[in-house]
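Any value given below was found using the heavy atoms of this structure, including those in side chains, with hydrogens, waters and symmetry copies removed. Numbering of residues begins at 1 and proceeds along the displayed sequence.
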Amino acid sequence: MSRTAEEIAQAHSACLDGANTINVVIATHNLGDDATNENYGHDMTHDEKKARVERSVGYLKYQKALTDWGSESFTVIDKAITDADAFTG
């Protein structure tokens with residue numbers, strides 16, 4: 001697979017968005033009954049939150065396995081993957 005620098009940048013940005021989704025859903029879950037309408041996923045059940053996190057982490061793992069990333073940083077993405085795996089257990 002050969003992607004352009006622009007395609008790699010767009011994919012990396014999408015991965016960061018996915019990591020953010022994971023972080024926000026887990027943070028909302030951790031708020032419990034204190035979650036409000038302003039918290040993404042406040043109206044989801046625990047199973048729905050897990051499913052949302054599983055979809056996002058699946059995408060991140062797929063993208064991370066690609067070998068043409070160059071010097072893109074995966075620090076935030078790696079942490080989101082670790083946190084998602086712990087959350088979905």
Side-chain angles (χ1 to χ4, degrees):
M1 170 183 230
S2 179
R3 298 183 291 176
T4 66
E6 182 178 334
E7 290 170 327
I8 290 170
Q10 288 174 346
H12 190 261
S13 178
C15 286
L16 291 173
D17 289 345
N20 185 57
T21 297
I22 290 167
N23 294 335
V24 169
V25 170
I26 293 171
T28 296
H29 177 76
N30 290 339
L31 287 173
D33 291 338
D34 291 332
T36 66
N37 288 343
E38 285 77 37
N39 301 110
Y40 176 76
H42 74 281
D43 56 347
M44 293 179 180
T45 67
H46 181 63
D47 287 340
E48 290 169 334
K49 290 174 190 166
K50 282 177 68 172
R52 182 66 186 99
V53 168
E54 286 171 344
R55 283 191 304 275
S56 292
V57 79
Y59 174 76
L60 295 184
K61 289 178 178 180
Y62 168 79
Q63 286 291 329
K64 188 160 188 250
L66 299 176
T67 59
D68 63 348
W69 285 106
S71 63
E72 298 289 349
S73 173
F74 279 85
T75 303
V76 171
I77 295 162
D78 288 339
K79 181 166 180 354
I81 290 171
T82 300
D83 292 347
D85 287 344
F87 182 72
T88 59

(request) Please tell me if the side chains of I26 and N30 come closer than 4.5 Å, counting only heavy atoms from C-beta onward. (result) yes
(message) If I take atom CG from residue D78 and atom NZ from residue K64, how far apart are they, to the nearest 0.5 angstrom?
(response) 3.5 Å
(request) Report yes if some heavy atom in the side chain of R3 is under 4.5 Å from a heavy atom in the side chain of W69; otherwise report no. (result) yes
(message) Please check: side-chain N/O of S13 versus main-chain N/O of A9, any donor-acceptor pairing under 3.5 Å?
(response) no
(request) Give, for atom NZ of K61 and atom CD1 of I81, the distance between the pair rounded to the nearest 0.5 Å. (result) 7.0 Å
(request) Might you point out which heavy atoms bring Q63 and C15 nearest each other, and give the distance in Å? (result) CB-SG, 3.5 Å
(request) Drop me the distance from D17's CG to I22's CD1, to the nearest 0.5 angstrom. (result) 11.5 Å
(message) For a quick test of reading the model, state the closest non-hydrogen atom pair linking A80 to A19 and the distance between them.
(response) CB-CB, 3.5 Å
(request) Name the orientation class of the two ring planes belonging to H29 and H46 (parallel below 30°, tilted from 30 to 60°, perpendicular beyond 60°). (result) tilted
(message) Does any part of the side chain of E48, heavy atoms only, come nearer than 4.5 Å to the side chain of T45, both counted from C-beta?
(response) yes
(message) Exactly one of T36, T28, D34, N37 should register a side-chain hydrogen bond (donor to acceptor under 3.5 Å, both in side chains) with H42. Which one does?
(response) N37
(message) Working to the nearest 0.5 angstrom, can you tell me the gap between Y40 OH and R52 CZ?
(response) 4.5 Å
(message) Could you check whether D85 and T82, counting side-chain N and O atoms only, form a donor-acceptor pair closer than 3.5 Å?
(response) no
(request) Go through the steps to decide whether H12 and I77 satisfy the test side-chain contact (heavy atoms from CB on, under 4.5 Å), and finish with yes or no. (result) CA-CA 9 Å; H12 190 261; I77 295 162; 3.9 Å; yes
(message) What's the separation between atom CD in E38 and atom CG in L31, rounded to the nearest 0.5 Å?
(response) 11.5 Å
(message) I'd like to know if K49 and D43 make a salt bridge, using a cut-off of under 4.0 Å between side-chain N and carboxylate O.
(response) no
(request) Rounded to the nearest 0.5 Å, what's the gap from CG on D68 to CD1 on I8? Could you check? (result) 4.0 Å
(request) Spell out, as yes or no, whether a donor-acceptor pair under 3.5 Å connects the side chain of E7 to the backbone of T4. (result) yes
